Asker: 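This structure is in structure tokens; I'll ask about it shortly.
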Amino acid sequence: MSTEAHVGRLPATEWDGGALPYRVGHRKLGMWLFIVSDAMTFSAMLIAYSYARVSSDAWPTPFPFYPSIIFSTTMTLFLLASSFTMVMAVRASAHNKLRAARRWIGATMLGGLTFLVLHSIEWSHLIHEGLRPFRLAGEWAERWPQAPPLFGASFFAITGLHMFHVLTGVLYLGVVALRIKKTRHEDVEISGLYWHFVDLVWMFVFPLIYLMSVDFTPGAGH
Amino acid sequence: MSSENIRDVFRKSDLLLMGVCALMAAGFLVLAGFNAAEAGKLLTIDSLFFTGICLLLAVTFAAVPALAMHQRGVRPFYVGDEVPPARAREHVHFEGGTKLFLNVLLGLLVLTVIEVFLAYKHVPLHIMLTLLIGLSLVKAAMIVAYFMHLKFERMSLVLTLIPTLAVCICLLFIVFPDSFRAGALRTTKTEAVPAAAEKHE
């Protein structure tokens, strides 16, 4: 029998050699440690972006209400909803309702895919406007003449890394859903941890990248 | 009604044929998607024709393994009601019901709408930043506590993970105050450039 099967059923005292200080399986602990290190990566990137923005004389605030803010808010709502369906999948799996768990995971993947499609539309929109990692789009340079050309680099790097996390999350959930007969409950829970983390990161990317760059000029986006 | 094992029902040659057909179907599906993405306007006769033909071929090839498996009672995605032995041995600890999670989701949605609303208010930058980051921290705490289940884990796990992250993020902020004076330290100010260009004219 594996370690996970013993989790929660410790010997009478931990001095008897049954010490599991965290009372979680080693795989779940591993996912938690990965999440902490990944959170450090994302915070380093967001702090570097904030540093560049604060130390610049100006920074573009190019996002109009439509399409950018509407799109990104919808993406946030989809990601939050998919987090809810994922927690329902973990709950169904805890009660050994495998069919329901698979259906909830499918709903979660659908939410993630919708996020990816909406974000790709948003990316292609900005690229068509002429935004590149080290070049501002078309008329942005005239609207914000003192801004450094770093907007694209920070935007594409941070949202791109997050999109990559969403993509791997969808694939990971797909594998878990297909193998649900062979997995243990803890495996479903671990995939849930990863998915919620992807959602959590977006809770910081969304206000810092999008909401801090809202275009206030009247008539923007019409 | 349960599912038969695919290796018990079919001969090796049948499995090979079904595999080839499935691969062809997947290939035509990819081709249809590629055509739809690359053709420019999708709603033209040519584009619709090529996408439609690719989809038709994909369905035709997929029908071979699908019908064969259906006929022999093989259901690859079937999950029965019986609990697999690996799961039955497992001790599961899970708290929280649909109502709790729905409430958390509702709270997160409301906070998101408040954030978007705040972004359109003309408030000083540092107050806006404090409010947005504060609300995001509340949202992150809700996700970690309820969705990631950390509230129901042992305290030792919480005390290992959260302070580690907090200390490391604080360390990342050590050089941040430099950004406030970086503009003053720069030798060539960017606003000096247009003025110099005008003098030359």
Side-chain angles (χ1 to χ4, degrees), chain A residues 1 4-9 21-24 29 32-33 36 39-40 43-44 47 50-52 54-57 69 73 76-77 80-81 83-84 86-88 90-91 94 96 98-99 102 145-146 178 180-182 184-186 189 192-193 196-197 199-200 203-204 206-208 211-212 214 216, chain B residues 77 79-81 83-84 86-94 96-98 101-102 104-105 108-109 112-113 115-116 118-120 122 128-129 132-133 135-136 139-140 143-144 146-149 153-154 156-157 160-161 164-165 168-169 172-173 175-176 178-183 189-191 194:
Chain A
M1 218 189 280
E4 284 89 343
H6 289 292
V7 170
R9 274 189 272 142
Y22 299 122
R23 210 169 283 184
V24 296
L29 182 63
W32 267 114
L33 294 177
V36 167
M40 286 173 199
S43 37
I47 289 169
S50 308
Y51 186 103
V54 169
S55 60
S56 302
D57 294 327
I69 297 298
T73 309
T76 313
L77 301 186
L80 284 173
S83 235
F84 170 73
M86 190 65 222
V87 86
M88 293 308 285
V90 174
R91 183 164 174 267
N96 280 325
L98 300 189
R99 242 177 298 182
R102 177 184 271 173
Q146 296 178 4
L178 281 181
I180 197 127
K181 273 179 285 189
K182 288 161 194 150
R184 273 173 291 205
H185 168 67
E186 202 183 30
E189 209 182 328
L193 282 182
H196 296 312
F197 170 69
D199 183 20
L200 192 154
M203 293 304 119
F204 289 95
F206 173 58
L208 283 175
L211 294 184
M212 294 301 290
V214 165
F216 278 115
Chain B
F77 301 118
V79 179
D81 285 322
V83 179
R87 274 174 172 272
R89 281 202 306 269
E90 204 177 352
H91 183 277
V92 173
H93 167 75
F94 189 84
T98 315
F101 297 132
L102 266 180
V104 174
L105 175 69
L108 289 167
L109 294 182
T112 306
V113 171
E115 276 188 350
V116 176
L118 266 180
Y120 278 90
H122 289 274
M128 165 107 98
L129 200 58
L132 286 182
I133 293 296
L135 286 176
S136 288
K139 282 159 82 180
I143 292 174
V144 170
Y146 292 101
F147 284 174
M148 292 169 96
H149 218 246
E153 300 284 2
R154 235 181 172 193
S156 58
L157 186 67
T160 306
L161 299 173
T164 313
L165 189 57
C168 284
I169 290 176
L172 286 173
F173 271 110
V175 292
F176 200 82
D178 283 356
S179 67
F180 298 121
R181 49 181 176 268
K189 298 282 282 181
T190 33
E191 63 257 65

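Numbered from 1 within each chain, the chains take letters A, B, ... in sequence-line order. Reckoned from all heavy atoms, side chains included, excluding hydrogens, waters and symmetry mates. These numbers come from a predicted model, not from an experiment.
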Asker: At a heavy-atom separation under 4.5 Å, does B/Phe176 approach chain A through its side chain, its backbone, both, or neither?
Answerer: both
Asker: What part of A/Leu178 gets within 4.5 angstrom of chain B, counting heavy atoms only: side chain, backbone, both, or neither?
Answerer: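 Side chain of A/Leu178 only, per the 4.5 Å heavy-atom cut-off to chain B.
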Asker: Side chain, backbone, both or neither: which part of A/Ser56 has a heavy atom under 4.5 Å from chain B?
Answerer: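 Backbone only.
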Asker: For each of B/Val113, B/Ile133, B/Leu102, tally heavy-atom pairs with chain A at distances under 4.5 Å, and name the one with the top tally.
Answerer: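 Highest number of pairs under 4.5 Å: B/Leu102.
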Asker: Using a cut-off of under 4.5 Å on heavy-atom pairs, state which of A/Met212, A/Arg91, A/Arg102, A/Glu189 scores highest against chain B.
Answerer: A/Arg91
Asker: Can you tell if the side chain of A/Val87 reaches within under 4.5 Å of the side chain of B/Leu105, non-hydrogen atoms only?
Answerer: no
Asker: What distance separates B/Phe180 CZ from A/Tyr51 OH, expressed to the nearest 0.5 Å?
Answerer: 10.0 Å
Asker: To check you understand the geometry: which heavy-atom pair defines the closest contact between B/Pro84 and A/Leu98, and what is its length?
Answerer: CD-CD1, 3.8 Å
Asker: Check A/Val214 against B/Ala119 and note the closest heavy-atom contact, atom names and distance.
Answerer: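 Looks like CG2-CB, 4.1 Å.
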Asker: With a 4.5 angstrom heavy-atom cut-off, is it the side chain or the backbone of B/Val116 that approaches chain A, or both, or neither?
Answerer: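 Both parts, backbone and side chain.
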Asker: I'd like to verify something: which residue of B/Asp178, B/Val144, B/Val104 has the highest number of heavy-atom pairs under 4.5 Å with chain A?
Answerer: B/Asp178
Asker: Rounded to the nearest 0.5 Å, what separates atom OG1 in B/Thr112 from atom CG in A/Leu80?
Answerer: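 Taking OG1 in B/Thr112 and CG in A/Leu80, the distance rounds to 5.0 Å.
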Asker: Which heavy atom of B/Ile143 sits nearest to which heavy atom of A/His196, and what is that distance?
Answerer: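 The answer is CG2-O, 3.9 Å.
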Asker: Is it the side chain or the backbone of A/Phe206 that comes within 4.5 Å of chain B heavy atoms, both, or neither?
Answerer: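 Contact with chain B is through the side chain of A/Phe206 alone.
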Asker: CD of B/Glu90 to NE2 of A/His185: how many Å apart, nearest 0.5 Å?
Answerer: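 With rounding to 0.5 Å, CD (B/Glu90) is 6.5 Å from NE2 (A/His185).
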Asker: So, B/Ser156 and A/Arg23: side-chain donor and acceptor under 3.5 Å apart, yes or no?
Answerer: no
Asker: Taking side chain as everything from C-beta outward and backbone as N, CA, C, O, which of these in B/Thr98 sits under 4.5 Å from a heavy atom of chain A? Side chain, backbone, both or neither.
Answerer: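 Contact with chain A: backbone and side chain both.
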Asker: Against chain A, label B/Leu118 side chain, backbone, both or neither, depending on which of its atoms sit under 4.5 Å from a heavy atom there.
Answerer: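 For B/Leu118, no heavy atom lies under 4.5 Å from chain A.
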Asker: Give, as side chain, backbone, both or neither, the part of A/Ser43 having an atom under 4.5 angstrom from any heavy atom of chain B.
Answerer: both
Asker: If I take atom CD from residue B/Glu115 and atom CE from residue A/Met203, how far apart are they, to the nearest 0.5 angstrom?
Answerer: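 That separation rounds to 8.0 Å.
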Asker: Between B/Phe147 and A/Val90, is any pair of side-chain heavy atoms under 4.5 Å apart?
Answerer: no
Asker: CG of A/Leu29 to OG1 of B/Thr160: how many Å apart, nearest 0.5 Å?
Answerer: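 Spacing of CG (A/Leu29) from OG1 (B/Thr160) equals 8.0 Å.
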Asker: Under a 4.5 Å cut-off applied to non-hydrogen side-chain atoms, are A/Trp32 and B/Met148 in contact?
Answerer: yes
Asker: Is there a side-chain contact between B/Leu108 and A/Phe84, using heavy atoms and a 4.5 Å cut-off?
Answerer: no
Asker: Which atoms of A/Ile47 are under 4.5 Å from chain B, going by heavy atoms: the side chain, the backbone, both sets, or neither?
Answerer: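 Its backbone and side chain both get close to chain B.
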Asker: Using only atom types and a distance under 3.5 Å, with no angle test, would you say the side chain of B/Ser179 pairs donor to acceptor with the backbone of A/Val54?
Answerer: no
Asker: Is there side-chain contact between A/Met40 and B/Thr164, with at least one heavy-atom pair below 4.5 Å?
Answerer: yes
Asker: Which atoms form the tightest heavy-atom contact between B/Phe101 and A/Met88, and what is the distance?
Answerer: CD1-SD, 4.3 Å
Asker: Got a sec: does the CZ of A/Phe197 have more than 12 other heavy atoms crowding it under 6.0 Å?
Answerer: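 More than 12 heavy atoms, drawn from other residues, nucleotides or ligands, come within 6.0 Å of this atom.
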Asker: What part of A/Thr76 is in contact with chain B, defined as an atom under 4.5 angstrom from a non-hydrogen atom: side chain, backbone, both or neither?
Answerer: side chain
